[in-house]
> 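Take this structure, written in structure tokens, and hold onto it; I'll ask about it next.
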Amino acid sequence: MGEQLRLPGDSEHFSIPYEKLLNPAQFTAVTTTSGPLLVIAGAGSGKTRTLTYRVARLVEAGVEPDSILLLTFTRKASQEMLKRAAALLDSRCNKVSGGTFHSFANHILHRFAHIIGFENGFSIIDRTDSESLINIIRKEMGFGNKNYSFPRKKTLINIFSQAINKAIAVEDIIYDDYFQFRPAMEDICSLAREYKKRKVEHRFMDYDDLLVYLLAILKEHVSIREELSNKYQYIMVDEYQDTNLIQSEIVYLLAGEHHNIMVVGDDSQSIYSFRGANYKNIINFPDIFPNTKIIKLEENYRSTQTILNLTNIIIERAADKYSKTLFSQNRHGQIPILALTDNENSQSLWIVKQIQQLQKKGVKLNKIAVLFRASFHSFDLEIELGRKALPFVKVGGFKFMEAAHIKDVLSHLKIIVAGLDKISWYRILLLLNKIGPKTAEKIYLGLSYAGGGLEGFLTYCGSHKIASALIPLKELLQSIAPDIMTVDQLGTAVINYYTPILQARYDNYPKRMKDLEHLLTIMERYDSLDQFLTDMALEPPNTSMNKSMVADTASQNDKLTLSTIHSAKGLEWHTVFIIWALDGRFPSVHSFYNDETMEEELRLMYVAATRACSNLYFSCPRQVYDRSADMFLNQPSRFIDQLPEDVLKISYI
DNA sequence: CCACACTCATTTTTT
DNA sequence: ATGAGTGTGG
């Protein structure tokens with residue numbers, strides 16, 4: 001265990017001077033290539049750097065690139081790391097297997113789909129699709145019309161998803177966390193069963209299914225598990241604190257044959273429990289893999305010591321953690337400031353003023369970020385920024401792929417690939433005049449009776465009234481030849497057809513039209529419609545502007561960032577503003593009576609504050625009334641309240 | 001019976 | 001900016 005990989009040459013023959021370029025802890029992490037390894041990487045401690053060098057090291061030592069598996073939180077992260085590794089060493093690093101758990105699962109399941117009963121493949125449905133399907137079923141089964149309250153579709157999918165990701169029965173989730181829906185328990189459970197059944201019938205997989213089926217295959221088919229484990233001889237998992245139970249089991253089985261498994265993470269930065277992430281995975285890792293070597297990276301290369309003094313205090317209050325204290329060589333810096341303002345708007349104005357002053361001092365806008373707990377927290381600020389013509393990009397919150405008009409266009413494309421996709425047919429049909437839910441159901445039944453797909457639909461004839469309503473759609477689908485047309489030709493055809501509908505439905509259609517043009521430019525890069533749709537479900541672009549596609553002029557790149565804290569994970573800025581640092585907003589009132597949720601809010605504040613390199617500001621209005629909780633919020637966030645003057649300065653605006 | 005226009009409420013975080 | 005619920009009119 002812990003023995004170093006020795007291959008022809010040994011260390012003096014490595015072309016990269018690892019020892020010189022890394023600090024001692026990083027160097028040990030990079031050169032410990034066999035056996036289980038847990039790296040606790042504090043914020044800004046060079047985690048990405050360590051992973052990158054480790055990939056290069058393995059490849060340089062002669063390991064086949066595609067037998068290295070690098071699992072990351074976003075595909076962007078893995079591409080970035082492999083790109084950097086390739087720049088360090090050579091292009092072999094680009095052949096390393098990598099991606100998110102979900103994209104990896106998709107890749108494997110594609111190969112073994114027949115084993116789990118998906119002989120004809122499957123398509124991936126995103127969260128909104130799941131919601132629509134649940135809603136369709138709910139209406140069919142007549143739930144929600146009774147005298148007790150029934151959860152809305154968002155809540156339902158949350159319940160189902162938590163049940164799966166935490167391996168808890170739906171009944172128990174309701175009993176523990178959704179007490180108000182206990183009268184509807186029976187209905188909810190049968191809805192859950194029906195949802196599961198319906199997904200199989202339609203060959204749909206939601207995000208959770210990807211992981212569940214992968215785990216099932218690994219568990220039940222020893223030969224496949226061994227084959228995969230032998231193929232992926234070196235496994236690395238980034239952001240391990242945000243994995244859930246299923247993911248940790250997948251990792252365990254994949255590493256089963258060799259235990260060459262390195263996980264990197266920071267239990268203090270676990271912020272995804274709402275989707276089943278469990279920071280205990282990282283705490284328990286050494287128990288699951290005996291003889292785990294543990295390395296802590298504690299030197300911070302990002303922030304000044306004045307910022308770390310504050311963040312260390314914040315995280316000290318966390319109950320259960322690998323204790324670590326970050327330190328920086330950068331001793332001097334400005335003490336973080338908490339600004340108390342009269343109300344929400346004066347908070348926005350204060351932020352704008354600070355940003356303008358920073359600009360005068362020569363700080364570029366793209367070095368500044370405003371972070372917040374929930375995406376609607378920035379609405380007022382967005383208006384003020386607009387007034388002062390300060391350009392910004394917003395990350396997180398409402399997503400490009402979830403906008404109604406994008407989903408509309410995608411639905412038309414989906415029925416070309418999967419002719420019986422009920423979710424998409426519904427969506428398309430409801431766009432037409434004279435067609436509501438009932439008629440849509442009728443048409444759907446008719447076209448599936450006729451064999452489904454384009455042909456089924458084209459041969460379907462309903463009553464006169466229905467037939468005339470369907471004429472434009474039939475014309476579109478008649479003109480489409482999926483085998484001959486390119487992906488963007490198909491997209492163009494659909495968008496041309498959809499444009500009049502868009503104009504009739506939305507006052508702001510020019511803006512939405514631009515989004516559709518953007519969608520087309522993405523489609524141009526694909527030569528398989530199926531692949532395009534899969535990627536849109538698995539790795540949707542999360543801002544409406546894709547940086548790599550815009551010419552890199554200085555002015556276009558120099559924008560302020562507005563971001564949810566979740567979306568800011570792993571990033572850093574010269575100056576960071578954390579707005580709404582108000583007790584009740586952050587932490588949110590929803591977490592007041594739940595210790596575990598409160599702990600997570602604390603970690604979230606830690607993540608936010610550790611994004612800052614030089615300047616860190618908090619702000620909050622002195623008092624606001626919260627209607628839903630029926631209380632006045634008038635205390636700064638408990639995570640930064642009552643701190644000594646030399647750690648946090650308070651400023652009354 | 002069914003579509004549609006209108007109202008009101010409601011928003012944590014996301015692969 | 002959407003979703004659910006309600007009343008009207010076809």
> Are any of the side-chain heavy atoms of A:L69 and A:M236 separated by less than 4.5 Å?
no
> Rounded to whole angstroms, how far apart are CD1 on A:I501 and P on B:dC4?
12 Å
> Please verify the inter-ring angle class for A:F274 with A:H566; under 30° counts as parallel, over 60° as perpendicular, anything in between as tilted.
perpendicular
> Answer yes or no: does a side-chain N or O of A:S103 lie under 4.0 Å from OP1 or OP2 of B:dT15?
no
> With the side chain of A:R152 defined as its heavy atoms from C-beta on, choose the nearest nucleotide among B:dC2, C:dA4, B:dT13.
C:dA4
> With a cut-off of 6.0 Å (strictly less than), are more than 12 heavy atoms of other residues, nucleotides or ligands near NZ of A:K438?
no
> Between P on B:dC2 and CD1 on A:I435, what's the gap in Å once rounded to a whole number?
14 Å
> To the nearest angstrom, how far is A:I565 atom CD1 from B:dT14 atom P?
11 Å
> Mind calculating the distance between CZ (A:F101) and P (B:dT15) to the nearest angstrom?
15 Å
> Hey, does A:N433 reach any base, or is it just sugar-phosphate, or nothing, if we go heavy atoms under 4.0 Å?
sugar-phosphate
> What's the CZ-C1' distance between A:R603 and B:dT13, to the nearest Å?
13 Å
> Counting side-chain heavy atoms from CB outward, which of B:dT14, B:dT11, C:dA1 is closest to A:R512?
C:dA1
> Quick one: which of C:dG3, B:dT13, B:dA3 gets closest to the side chain of A:A374?
B:dT13
> Does A:Y252, at its OH atom, have more than 12 non-hydrogen atoms belonging to other residues, nucleotides or ligands within less than 6.0 Å?
no
> Contact class for A:T100 vs. all strands (heavy atom < 4.0 Å): base, sugar-phosphate, or nothing?
sugar-phosphate
> To the nearest angstrom, how far is A:K434 atom NZ from C:dG9 atom C1'?
11 Å
> Side-chain N or O of A:N135 less than 4.0 angstrom from OP1 or OP2 on C:dA4?
yes
> For A:K154 and B:dA9, what is the distance between atoms NZ and C1' respectively, to the nearest whole Å?
13 Å
> What is the separation between atom CD1 on A:I157 and atom P on C:dG3, rounded to the nearest whole Å?
14 Å
> Measure from the side chain of A:Y207, starting at C-beta and using heavy atoms only, and say which of B:dT13, C:dG3, B:dT15 lies closest.
B:dT15
> Name the residue closer to the 5' end of DNA chain B, choosing between A:F73 and A:A440 according to the nucleotide with the nearest heavy atom.
A:A440
> Please round to the nearest 0.5 Å and tell me the distance separating atom NZ of A:K153 and atom OG1 of A:T128.
8.5 Å
> How far apart are the C-alpha atoms of A:Y498 and A:L431, what are their side-chain angles, what is the distance that settles it, and do they pass the side-chain contact (heavy atoms from CB on, under 4.5 Å) test?
CA-CA 9 Å; A:Y498 178 70; A:L431 291 172; 4.0 Å; yes
> Of the nucleotides C:dA4, C:dT2, B:dT14, which has the atom closest to the A:A404 side chain?
C:dT2
> Quick check on DNA chain B: between A:T597 and A:H102, whose nearest nucleotide comes earlier from the 5' end?
A:T597
> Reckon A:K438 has a side-chain N or O less than 4.0 Å from the OP1 or OP2 of B:dC1?
no
> Looking only at side-chain atoms of A:R127, point me to the closest of B:dT13, B:dT15, C:dT2.
B:dT15
> With a 4.0 Å limit, can you tell me whether A:S567 has a side-chain N or O closer than that to the phosphate oxygens OP1/OP2 of B:dT14?
yes
> For A:R585, report the nucleic acid contact type (base, sugar-phosphate, nothing); a contact means any heavy atom under 4.0 Å.
nothing
> Is A:F274 stacked on the base of B:dT14, meaning ring centres closer than 5.5 Å and planes within 30 degrees of each other?
no
